[in-house]
Structure formats: C-alpha cells, structure tokens
There are 2 protein chains.
Amino acid sequence: MSLRHAVLGMLADEPGSGYDLLKRFERAMGNVWSATQSQLYGELGKLETAGMIRVHAEGPRGRKEYEITDTGLEELRHWLLEVDPRSAPRSGSLLRVYFLGSVSPDQARGYLATMGEVAKEREKRLAEVESSVDWDESNESFYGRLVLEWGKRYSAMQRDWAEWAIDQIK
Amino acid sequence: MSLRHAVLGMLADEPGSGYDLLKRFERAMGNVWSATQSQLYGELGKLETAGMIRVHAEGPRGRKEYEITDTGLEELRHWLLEVDPRSAPRSGSLLRVYFLGSVSPDQARGYLATMGEVAKEREKRLAEVESSVDWDESNESFYGRLVLEWGKRYSAMQRDWAEWAIDQIK
DNA sequence: TATGACATGTAACTAGTTACATGATTCA
DNA sequence: TGAATCATGTAACTAGTTACATGTCATA
C-alpha cells in the first residue's frame, strides 16, 4: 500500500489539495509512482477517516487543502524506516524479452530497438525536468535530485543494454 | 494484464501444470514478474475458458498439464508486437527516497545503504542463477540470458547509485 | 459567452494478495 | 508412518483502472 505513503510524503513536504497532488504525480514523481485521479481522491478520504491527514483550508470550487497530522507523520516514518522496501518486481517490458523466441529475429530486434528508444525519450524528459525545476536548498529538492539521478542512470543503462542485446541476435 | 501473457509465453516454450509454472516464476522469471499460486490457477482457468490454452495431459494428484493453442499463440504475438510496452512506473524503494527529508540524515543514509545491500544480494543471486542454469541453444536460454544480463546491469547501477547517494548527504 | 483549467466525486471493473482448505504421492 | 513435496482450488480482501458525472472560476 504505497499510494497511501506517497500521499503522506507529499503532504509532509507541503499541504495541498487532491488536484495539487495529482499534478505533482504527473510532474516530479511520475518517474517512480503514478496514480489516477479516482484512486487519489479515494485515498484522501480514507486517510482523513484514519486521522492521518486533515483539511486545513477550503478554497473556491470546493477545493479542500489537506495537511498531514502527527499520526500521519508517524505512519510515514514507520513506513520509511521499518517496512521492508523489497517489492515484487514487475517489469512488463523485460517480461516480453523472455518470450521473444515466439517471434522472428527481426521482430525481436525491432522490439529491443523500441525499448532503446523509450529509454532515450526518458533521458530527454529527465534532462528537461532537470533544467526546468528550480532546485532550491530544501529537502524536497535535495532528495528529488537523488531520484532524478537514479532515473538518468537507469535510462542510460537501459539504452546501453538494448544496443548490446540487439547485437546479440545474429 | 501481463500475467496472462506471462503464462502464455511460458506455455509457448513448453507445456506444464500450474505447479510447474509457479516454480518457473520463482526460479528464472522471478526477477521481472511474479505471481501467487492463487492468481495463477485463476488465470489458467480463464485462459482455458477463452480457448487460449488446453489440457493436453493429466497426471497423478489431479495434475493438469496445459499447452498453448493457436488462439493463445496469436494473442501472445499480438501482445509482443502490437501492444505498447510502456507501463506505469512503480518503484516503492525509489518513492521512499523522495521522502527521506522526513527522517534524519543518518536514517536517510541507513536507508540508502540498505538499498545498496539489496542490490548486492541481487547481484549474488543472479550470479548463482547464471552458473547453475544449463544454458543450451534454445530460444528460451538465449532470451533468458539477455534478461539475466539486464538484471546484472540493473543491480550494478543501483549499487553504484546508492553509494554515490550516500556521499551526497553531508 | 465559451473555453480551458480547476476541482471533486462515484460506479463498475480488472489485477493482485492473503488466508484457508483439501488431498495424493514419494521416500526416508 | 510421518514429513516433504506435489497439486489444485476458493473466499475475502486490497490496489489500481476506466468511465461517467458534475460543477466552478478566470479570462479572452
């Protein structure tokens, strides 16, 4: 149950409405987690019921701005420090590679080439994020940069691997 | 819906029972996808109803050995070649990094160190798989090796990144 | 005044997890 | 004969997706 913790983490950085959080998912955090609008509003409701967040301001158009409570902060820290971070790996694109024996070598190379392209696009997008975000001295910026660097290394790895893999298919 | 395709892909390599497939998930494919026993048997039932697999032999203890049908092979190829492989990224361990500002620098370093350890364990496990599997000339072996190489590169990247990240925290 | 961004919610579905339940076969 | 492994299934739950539904506010 990580959406819950993503929401708590974002609200620990700064309060915001469901709409705000959705933007933040799309923008900075989209690389490592995503959520649909529907799921997000549902989770906000549950977190409020559980006393982990509370409405601290209301705005126009029914806007409800949430902030994290002490209970919520406690839950966030518990998750960060005491819950085993290992999770079931789930990579659809790598899963496909296993089964490329079911198509022709040319088609297999084509698939791997697409994987390489996707990695390149990702690198490009991350470079844009890097230059467009104004990195201040906040914790959010600091750890955000660590995650960004991870994304860059990951994309580069994937690109190199895809090129290598294409060469392996005679 | 990738479990369905994982099952089709495995049965395209060779027929097997639910129990067999479960072993294969744990063993070779665990790095990129996993499934619970419960989910697997459910999916086998649905695939049989859909005419994508069929029971081709029965054994002791109610064992049902499935094989893929032409309809199933068609579905597998469709998925491999025509379905956009991009999927929502979902990395719980990286998500946590975003929020390390909510704990002390020491605790943050501790978390990153754990990530590095996990990567090292993974490298070790993959090395064991590499030496224990008998890599023949089959397609399954060939593409399996590509995936294994990906895992090795991924783990090495993660380990290096974790070491770098720890150094960033003053 | 109409368009686009802001803003929230619900219903119905698919995917995945955890726990329970049962029984057969092998082999030490 | 007892333990490990083989083997399948169901029930109840949580997580995530897609589609629908509604309305407000700013501004061009």
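Below, each value reflects all heavy atoms present in this structure, side chains not excepted, and no hydrogens, waters or symmetry copies. The model shown is predicted, which means the values in this text are computed figures rather than measured ones. Below, chains carry the letters A, B, ... as their sequence lines are ordered, and counting in each starts from 1.
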*Report which part of the nucleic acid R4(A) touches: base, sugar-phosphate, or nothing (heavy-atom distance under 4.0 Å, all strands).*
nothing
*asked:* According to ring-ring contact (aromatic ring centres under 6.0 Å, His included), does anything in residues 38-95 of chain B pair up with another residue at least two apart or in another chain? List the pairs.
replied: H5(B)-W79(B)
*asked:* Parallel, tilted or perpendicular: which one describes the rings of W161(A) and W164(A), with boundaries at 30° and 60°?
replied: tilted
*In terms of the nearest nucleotide of DNA chain D, which residue is placed more toward the 5' end: S2(A) or R63(B)?*
R63(B)
*Given dA15(D), is OP1 or OP2 found less than 4.0 Å from the side-chain N or O atoms of R90(A)?*
no
*Distance test, side-chain N/O of K64(A) to OP1/OP2 of dG9(C), below 4.0 Å*: yes
Minimum heavy-atom distance [X]-[Y], with the two atoms named:
X       : Y       : value
A108(B) : I169(B) : CB-CD1, 3.9 Å
L73(B)  : A12(B)  : CD2-CB, 4.3 Å
A35(A)  : L22(A)  : O-CD1, 3.9 Å

Nearest whole angstrom, please: distance from the [atom2] of [N] to the [atom1] of [X].
X      : N       : atom1 : atom2 : value
L95(A) : dG16(C) : CG    : P     : 11 Å
L3(A)  : dA15(C) : CG    : P     : 20 Å
E26(A) : dA7(C)  : CD    : P     : 14 Å
F25(B) : dA7(D)  : CZ    : C1'   : 17 Å
L22(B) : dG9(D)  : CG    : C1'   : 13 Å

*dT14(C), dT8(D), dT8(C): which one has an atom nearest the side-chain heavy atoms of S17(B)?*
dT8(D)
_Nearest to the side chain of Y19(B), heavy atoms from C-beta on, is which of dC6(D), dT17(C), dG16(D)?_
dC6(D)
*Would you find more than 12 non-hydrogen atoms of other residues, nucleotides or ligands less than 6.0 Å from E74(A) atom CD?*
no
*How does protein contact run along nucleotides 23-28 of chain D, one letter per nucleotide 5' to 3', with B for base contact, S for sugar-phosphate only, - for none, heavy atoms under 4.0 Å?*
BBB---
*Specify the residues of residues 30-47 of chain B, ordered by number, for which at least one heavy atom lies under 4.0 angstrom from an atom of DNA chain C.*
W33(B), T36(B), S38(B), Q39(B)
*Answer whether the closest heavy-atom distance between the side chains of M52(B) and L11(B) falls below 4.5 Å.*
no
*4.5 Å side-chain heavy-atom contact, L94(A) and M115(A)*: yes
_Exam field: side chain Y98(B) to backbone A28(A), donor-acceptor pair closer than 3.5 Å_ = yes
